[in-house]
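Start at 1 and go down the list; that is how both ligands and their atoms are numbered. Each residue takes its place number in the sequence, starting with 1.
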Amino acid sequence: MVSIHPDLFKILRGYASLTAPIYLQFPAHLEAQIINDFLVDDVLLNLHFQQYPPSKQYQKSFWKWVIPHLEKKVQTEGDSEAEVDSRIYELYSQELLTSSSTPSLRPGNAELTAQSPPAESYITHFWRPGGSTSVDIGEWQTTTLLESRTLIESGTTGLRTWLASLILAQYLILNPALVHRKRILELGSGVGFLGSVVASLQLLAGHEDAGTLVMSDINDSVLTRCRDNVQLPCNLSSSHPDVRCCFLDWSAALDPNDIAPLTSLLREEVDADLILGADIVFDPNLIPALVAVLRLALESHSRPRTALIALTIRNPATTQKFTDAVRDSGLILEKLDLDMDDKMFMEAVEGGDANIGVNIFRITVQ
Ligand SMILES: C[S@@+](CC[C@H](N)C(=O)[O-])C[C@H]1O[C@@H](n2cnc3c(N)ncnc32)[C@H](O)[C@@H]1O
């Protein structure tokens, strides 16, 4: 068992998921030496973060928050021997503070200045099958992604993970039987967080036949990033034998020229038991096409099929338009009762603070 104090684990998870320091709590009740050791061994020298680091911008803001707290803690303990570990100062002053620019993680990208929008970054989410109370790190899974930290990049919203994905992932982690040995299709999968978690859940069930997962999106760069993320060697999803990413434009469902290949893709190739989608209702104009795709995928009569669509309620009128369109198309829609006050993902805590709600809708055929 590799246990860690819960308050330090929260900091570790916050650092890994680039949680803004204002949402972190410095554990001033712990001994300075314990905090020092944790920061050096588990954060600064952590092999995972050396390979998949948070952006320099984030690291800078994290250490800028930590250092004064740690200095104050050392002073108040009054132990003349105790001091902030020099490696922390070295990292901050030599690597982070002196780099006025934020080097890109990929060659070829122009360097950004400190005033630039947030740079793309690796982000690591800790999650635990069955719930989030254990402090034994060995019981936790991690999912790591390289993603944009801006809301829109290169004209797409798909290059970062959105709150609805975190909430739907939590729902599935708490109800893993929904994905075990199932054929799954994700619509508008973005950079692949939800899919990577689903693939891991399928493998964790330990069945020989884990199930299948097809992640789909309209944007080629998003699909490339999604594929890369799911295949990162640190992610369990990389060892799933049957995960793929494919181009799927919902508007094909309303185009007489495209509907036949789309129907064949949905009903013959993918043949999904469960269709997932997170934050895919944001433009009212796309609703008719999305609902048409859902109908095509769900109304294949050989066996019962279900869709779970998680929506961040930014504009209630848009959500209403979606729920009306689903019901008008003859599908059954119900809003799930989510008993998830305890947010499993640190970023969800941050996003949830903005009073934005996420609903999960279950959609089935009559
Ligand atoms: C707000 S992002 C959500 C991404 C991801 N599901 C998440 O929650 O993090 C919306 C996604 O829908 C995709 N999308 C937008 N229009 C689409 C269309 N017509 N067909 C398929 N995907 C589309 C975008 O490329 C983008 O990845």
Side-chain angles (χ1 to χ4, degrees), residues 17-18 120-121 123 125 127 143-172 184-199 213-230 237 245-255 258-259 261-262 265-266 270 272 274-297 307-315 318-319 322 325 345 347-348 350-352 356-361:
S17 62
L18 281 73
E120 68 178 7
S121 178
I123 180 161
H125 296 282
W127 54 276
T143 298
T144 298
L145 310 157
L146 178 58
E147 66 173 43
S148 159
R149 303 302 297 158
T150 53
L151 300 184
I152 300 185
E153 188 174 303
S154 311
T156 175
T157 53
L159 286 168
R160 65 163 298 162
T161 301
W162 293 79
L163 178 63
S165 261
L166 301 171
I167 300 296
L168 185 51
Q170 177 169 352
Y171 182 74
L172 296 173
I184 297 179
L185 168 68
E186 186 183 357
L187 299 172
S189 55
V191 281
F193 169 71
L194 181 63
S196 187
V197 169
V198 166
L213 170 64
V214 176
M215 305 166 78
S216 68
D217 206 282
I218 191 177
N219 184 295
D220 286 335
S221 347
V222 170
L223 280 169
T224 304
R225 181 61 62 81
C226 179
R227 207 171 281 126
D228 291 348
N229 281 333
V230 171
S237 54
C245 300
C246 81
F247 177 88
L248 193 165
D249 174 2
W250 311 324
S251 60
L254 298 179
D255 185 331
D258 293 333
I259 192 157
L262 177 65
L265 173 78
L266 291 174
V270 180
L274 178 65
I275 296 122
L276 299 174
D279 213 344
I280 52 173
V281 176
F282 45 87
D283 175 353
N285 296 322
L286 293 174
I287 290 174
L290 178 59
V291 173
V293 172
L294 287 171
R295 274 195 61 182
L296 276 179
L308 291 175
I309 306 295
L311 300 184
T312 298
I313 312 300
R314 297 189 190 87
N315 180 346
T318 306
T319 308
F322 172 71
F345 294 103
E347 268 211 311
E350 189 177 329
I356 300 173
V358 172
N359 289 338
I360 301 181
F361 296 100

Next on the checklist: Taking 4.0 angstrom as the limit and counting only heavy atoms of Thr156, give me the atoms of ligand 1 inside it, by number and element.
Outcome noted: 25 (O)

Checklist entry - Which atoms from ligand 1 have a heavy atom of Asp249 less than 4.0 Å away? => result 18 (C), 19 (N), 20 (N)

Checklist entry - Counting heavy atoms only, which of Cys226, Ser165, Ala253, Ser221 is nearest atom 7 (C) of ligand 1? => result Ser165

Checklist outcome for this item: Check: of Leu145, Leu166, Asp217, min heavy-atom distance to atom 13 (C) of ligand 1 comes from Asp217

Item to check | By salt bridge (charged side-chain N to carboxylate O under 4.0 Å, His left out) - contacts of Arg295 (at least two apart) | outcome: Glu299

Item to check | N/O separation below 3.5 Å, Trp162 to ligand 1 | outcome: yes

Next on the checklist: Below 3.5 Å, N or O to N or O, backbone or side chain included: is there any such pair between Thr157 and ligand 1?
Outcome noted: no

Checklist entry - Short N/O distance, under 3.5 Å, between Thr161 and ligand 1? => result no

Item to check | Check: Ser237 main-chain N/O paired with Ser196 side-chain donor or acceptor under 3.5 Å | outcome: no

Checklist entry - Does the side-chain contact (heavy atoms from CB on, under 4.5 Å) test come out yes or no for Ile287 and Leu290, once each step is laid out? => result CA-CA 5 Å; Ile287 290 174; Leu290 178 59; 5.6 Å; no

Next on the checklist: Show me which atoms of ligand 1 lie under 4.0 Å from any heavy atom of Leu286.
Outcome noted: 16 (N)

Checklist entry - Does any N or O atom in Ile280 lie less than 3.5 angstrom from one in ligand 1, N or O only? => result no

Checklist entry - Would a distance-only check, ignoring hydrogens and angles, find a side-chain to backbone donor-acceptor pair under 3.5 Å from Asp279 to Trp162? => result no

Next on the checklist: Among Ala289, Ala310, Gly188, which one puts a heavy atom closest to atom 6 (N) of ligand 1?
Outcome noted: Gly188

Checklist outcome for this item: In Leu308, Val293, Leu294, the residue satisfying side chain to side chain contact (heavy atoms under 4.5 Å, CB included) with Ile275 is Leu294

Checklist entry - For ligand 1, which atoms, with element, lie under 4.0 Å from some heavy atom of Gly190? => result 4 (C), 27 (O)

Checklist outcome for this item: Logged contact type for Leu248 with ligand 1, heavy-atom cut-off 4.0 Å, is backbone

Next on the checklist: So that I know where these two stand, are Phe282 and Phe322 an aromatic pair - ring centroids less than 6.0 Å apart?
Outcome noted: no

Checklist entry - Of the protein's non-hydrogen atoms, which lies at the shortest distance from atom 20 (N) of ligand 1, and what is that distance? => result Trp250 N, 3.1 Å

Item to check | Those atoms of ligand 1 less than 4.0 Å from some heavy atom in Arg160 | outcome: 9 (O)

Item to check | Any donor-acceptor N or O pair under 3.5 Å, side chains Glu147, Thr161 | outcome: yes

Next on the checklist: Going by the rule side-chain hydrogen bond (donor to acceptor under 3.5 Å, both in side chains), which residues pair with Asn229 if we only count those two or more places apart in sequence or in a different chain?
Outcome noted: none

Checklist entry - Without hydrogens or angle criteria, can the side chains of Thr143 and Trp127 be said to hold a donor-acceptor pair below 3.5 Å? => result yes

Checklist entry - Nearest protein heavy atom to atom 15 (C) of ligand 1, by residue and atom, and its distance? => result Phe282 CZ, 3.6 Å

Next on the checklist: Main chain of Ile123, side chain of Ser121: is a donor-acceptor contact present, judged purely on distance under 3.5 Å?
Outcome noted: no

